[in-house]
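This report concerns only the one structure given below.
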Amino acid sequence: MAVWQALLIAVWAGYCSFDDQGPQMLRRPLLVGPLVGIILGDVKTGLIISATLELMWMGLGNMAGYKTPDMIIGTIVGTTISITSTGATAEGIAAGVAAATTVAVLSQQLLLIFDFVRQFFAVWADRLALTGEFDSILMVNYVAIAFQFLLRAVPTFLVVYFSAGVVDKILNVIPSNILKGLSTASGILPAVGLSILMTMMMKGFMWPFLIFGFVASTYLGLGILPVTLISLAFAMLYSVMMEIKDRQNETPVAVSGRGDDEDGGYDL
Amino acid sequence: MSAGKERAVGLDNPNTQAKGSYIKITRKDLNAVYWRLQIFGLGITVTSSNAQAIGFITALAPVLKKVYKDAGKAARVEAMQRHLTYFLSQNTATGMILGITAAIEETTEVDEKEAVVAVKAGMMGPLAGIGDSVFKITIQAIAGSIGAAYALQGNLIGPILMFLIYNGINIGVKYFGTIMGYEKGIEFVQSGEQAKVIQKIINISTMVGVIVLGALIGNYVKINVGTEIVINETVVNIQALLDGILPKLLPLLFTIGLYKLHSRMPRKYLILLIFGILIVGTLLAMAGILV
């Protein structure tokens, strides 16, 4: 890999790092990875590995105080390693997935160490408050952006630039049936992401809807987009029906709608 | 102080306020609030002691500048300190909180500012819940799975489609949340009708999400048994047998099994789970049980 390629990837990692906490327009493997493919001149592999990681990490996000594996560095390093090893083959994708999962965890631990730097922003902001100048707070943001950028740009450059050749050598040593097994195993991993999603969405009696979607795709062979559109129409219809039912229930007793809602909750 | 007096005129007569004669904050200010939220977000300046407060005050600053234009330094310092207290919500939903806060900051007297703190604290939790379940999880997952379907075939339209769906909805809600939050003000939070509307949005998006989830399991989880048993010299392919019962039965059962496991397993063991599946899966594949 040329230095300029490693530098471009590092800059992209830095920008995505800022975006993840600021504009929040990229954040996900499928939006972060493809550009690495473009930089390295292998768009197809970039797309396939990014989509694989997207499915594996679906439903993962920083919430409720739980820090997730660092999907940004994970995706960027995983995509780089897929492309620089054997490209869009089963082995290449397997190597990318293995590298992405490992690096994402390591990077998460590493970034945790730097969390203390941000505590300084609170002290600084309190000082600025005493000036009474509202826009003085912008300065904290500029420094925070620079910090956020370097946080991932520097480690990404080091890993991407120095690991490319090494991974290829390691792959040559590993027997091919292990790599093939690894690629079969990574086909199971989307189940992890999807099951996490389930824990967040399966409130109340949602099983019939899950089975409906499953059967629509396996038996009817529908793609995700048609299933989404059908279910949207279905959900709207259901919502209207429930509203009519609610109104019928409400007429005898004129109570506030709020109490009804809490009882109804997820009773779809 | 003089600013307070000026505003008091408007407050004494609620009718003039309703007609909009008293409104100081313009669309331009609200646009500035939106842009600051869009660019700086809430996360880059997160600290343990005040969470996302620095991001919040950064976005609100254009409004505060207007409201406290004629106020003394003491009032401005107090306003800054007030908005630097703990705030924790979700990015997309915070657009609406910013809009509502702007409305309250504008219409309250200097000695009524506890209302600002109370409304912010009251909204940040519930709106974070909506933000997380609708924008972060459901829409992100649907956009991601539609995109992944194309990207797995090497089609660049995948990430582009995902980007457009995800950001179209997210940015739309962030922007119109800021504008509507200001225009509807406190009324929006307090009326039961609005709570119903929000509940309806959650219900519809959860339902769509779960149906799509079912489709995703069938599409993306790949578990195929390679073992064949010989009974009376006839080779029985187990996978063909399973497919006869229900196509993709194993992916469905395995995903449901993991779902049940998550409710018992602390989230910190998730990494071990992923590595466990990779290792056991690799071994089973090497033994020819999985293909």
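In the text below, chain A, chain B and the rest are named by the order of the sequence lines, each starting its count at 1.
Contacts of B:Ser49 with chain A are made by both backbone and side-chain atoms, with heavy-atom separations under 4.5 Å. Contact of A:Glu54 with chain B is made through the side chain alone, with heavy-atom distances under 4.5 Å. Proximity to chain A (any heavy atom under 4.5 Å) is restricted, for B:Tyr166, to the side chain, taken from C-beta onward. Both the backbone and the side chain of A:Ala125 come within contact range of chain B, each with at least one heavy atom under 4.5 Å from a heavy atom of that chain. For a residue to count as touching a neighbouring chain, one of its non-hydrogen atoms must lie under 4.5 Å from one of that chain's; by this rule B:Leu42 touches chain A with the backbone only.
In this structure, A:Glu133 and B:Arg76 have side chains that are in contact, with non-hydrogen atoms separated by less than 4.5 Å.
The shortest heavy-atom contact between A:Ala129 and B:Gln81 is CB-CG, 4.0 Å. Across all non-hydrogen atoms, the minimal contact from A:Val43 to B:Leu156 is CG1-CD1, 3.8 Å. For the residue pair A:Phe214 and B:Pro247, the shortest heavy atom distance occurs at CZ-O, 3.6 Å. In terms of heavy-atom proximity, A:Thr131 sits nearest to B:Lys73 at O-CE, 3.4 Å.
Atom OG in A:Ser195 sits 8.0 Å away from atom CG in B:Leu270 (nearest 0.5 Å). The CD1 atom of B:Ile44 sits 11.0 Å away from the CZ atom of A:Phe147 when rounded to the nearest 0.5 Å. Rounded to the nearest 0.5 Å, atoms CH2 (A:Trp124) and OG1 (B:Thr45) are 11.0 Å apart.
Ring geometry, B:Tyr259 versus A:Trp207: the interplanar angle exceeds 60°, so the pair is classed perpendicular (tilted spans 30 to 60°).
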